[in-house]
Amino acid sequence: MADHYEVLGVARDASTDEIKKAYRKLARQLHPDVNPGADASERFKSVTHAYDVLSDAKQRDNYDRGGNGRSGGGGAGFDGNFGNFGDIFETFFGGGGSSRGPRSRRERGQDALIRVELDLDEIIFGTHRDLEVDTAIVCTTCNGTCCQPGTAPVTCDICHGTGNIQRAVRSLLGNVMTSSPCGSCRGYGTVIATPCVTCQGQGRVRARRSVPVDIPAGVDTGLRLQMPGSGEAGPAGGPNGDLYLEMKVRHHDVFSRDGDDLLCTLEVPMTDAILGTTATVKALDGDIDVEIKVGTQSAEVITVKERGVTRLRGNGRGDLKIGVHVATPTRLDHKERELIEAFAARHKAPAPALSAFQQGLFAKLRDRFRG
Ligand SMILES: [Zn+2]
Ligand SMILES: [Zn+2]
């Protein structure tokens, strides 16, 4: 059985108000008065059940602790009612029962999935896209009725609209009546005598449409965003499936991502590392002046607060972490070499020596860059 919180699409710590709001929204979409699909009625039932448990403090507490919702007077009473409720539903709306009357041509459309490629700079603040989506949509000629305008389905004269054929079968126990779907109308009970020419009687056609989407900041590769009701239209005017957008964040040559932080490497000339300077870093969201302190070492990390990615959930932004790489000159002319030699003679640096092994932050950053 699906998790009640997932069914309602709320967090585990959602308030009673949030739960009520989520239920109202779903009930409006799924209530059989507005959404006659068999799938919608099933979902409506599980949504209602989830709401009944989570809106009652005692039942919710019990559910959170792994109980089955049956302990306590309220729980037991509810479960009893739920069974009846389901039966009433199926009697009225024809869900589930295989041989109890004709089946509906209307079905919920399938979910659709499209991939959205984003650049790193687009996920810092989020972005807007008009996505081209190729799905089934309701046929506008017949409005999903499947019939040529001005005509209607006619009752099947083989099964007389029941969708089933009764047959007497001889068995050891004598003659037994069996019921099977009518082959003439395929169990629908009606026949579409003059199918709509636009959709060939399907009630839907394939079309390319533009779906405007606001993609939130902070998404990452593999994340799927769900857009309820934006998927494939169902057959015969059935409700739409959902549209899923799967995110893919493109590789960036300069910046890399570590959760909500952005990482980059800044090449600093040896002389600037020694003397100190201010460097202008071209970040994805504008220039940042960074202070290179006197005596900056290779592998030092300069952290610029709140210049990373905006957090997908919660507030604020991650940090920009700039790993310093001190660049040693590789070509010196005669005069420069003399100056460096004079400096070395005067500075009297100790000879190269082993030091304690440092698995510094920058080493970790560098591993990530390569991985
Ligand atoms: Zn049509
Ligand atoms: Zn029939």
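Whatever order the structure lists them in is the order used to number ligands and atoms, beginning at 1.
- Checking side-chain atoms of Q202 against main-chain N and O of C199 turns up no donor-acceptor pair under 3.5 Å.
- Dense packing is recorded around NZ of K248, with more than 12 heavy atoms of other residues, nucleotides or ligands lying under 6.0 Å away.
- Taking the Zn ion (ligand 1) as the apex, the angle formed with SG of C142 and SG of C199 is 110°, to the nearest 10 degrees.
- Coordination check, C147 versus the Zn ion (ligand 1): failed, since every N/O/S atom of the residue sits at 2.8 Å or beyond.
- Using the six-membered ring where Trp is involved, H49 and H4 have ring planes that are perpendicular, over 60° apart on the 30 and 60° scheme.
- The existence of a salt bridge linking E306 and R317 is excluded, since no basic side-chain nitrogen approaches an acidic carboxylate oxygen closer than 4.0 Å.
- The Zn ion (ligand 1) is the vertex of the angle joining SG of C196 and SG of C139, which measures 110° to the nearest 10°.
- Salt-bridge annotation for D242 and R108: present, with a side-chain N of the basic residue lying under 4.0 Å from a carboxylate O of the acidic one.
- In this structure, K21 does not pair ionically with E18, as no charged nitrogen and carboxylate oxygen lie closer than 4.0 Å.
- Scanning for ring pair (Phe, Tyr, Trp, His ring centres under 6.0 Å) contacts around Y244 gives an empty result, with sequence neighbours left out.
- Around the Zn ion (ligand 2), the protein contributes the following N, O or S atoms under 2.8 Å, ordered by chain and number: C156 SG, C159 SG, C182 SG, C185 SG.
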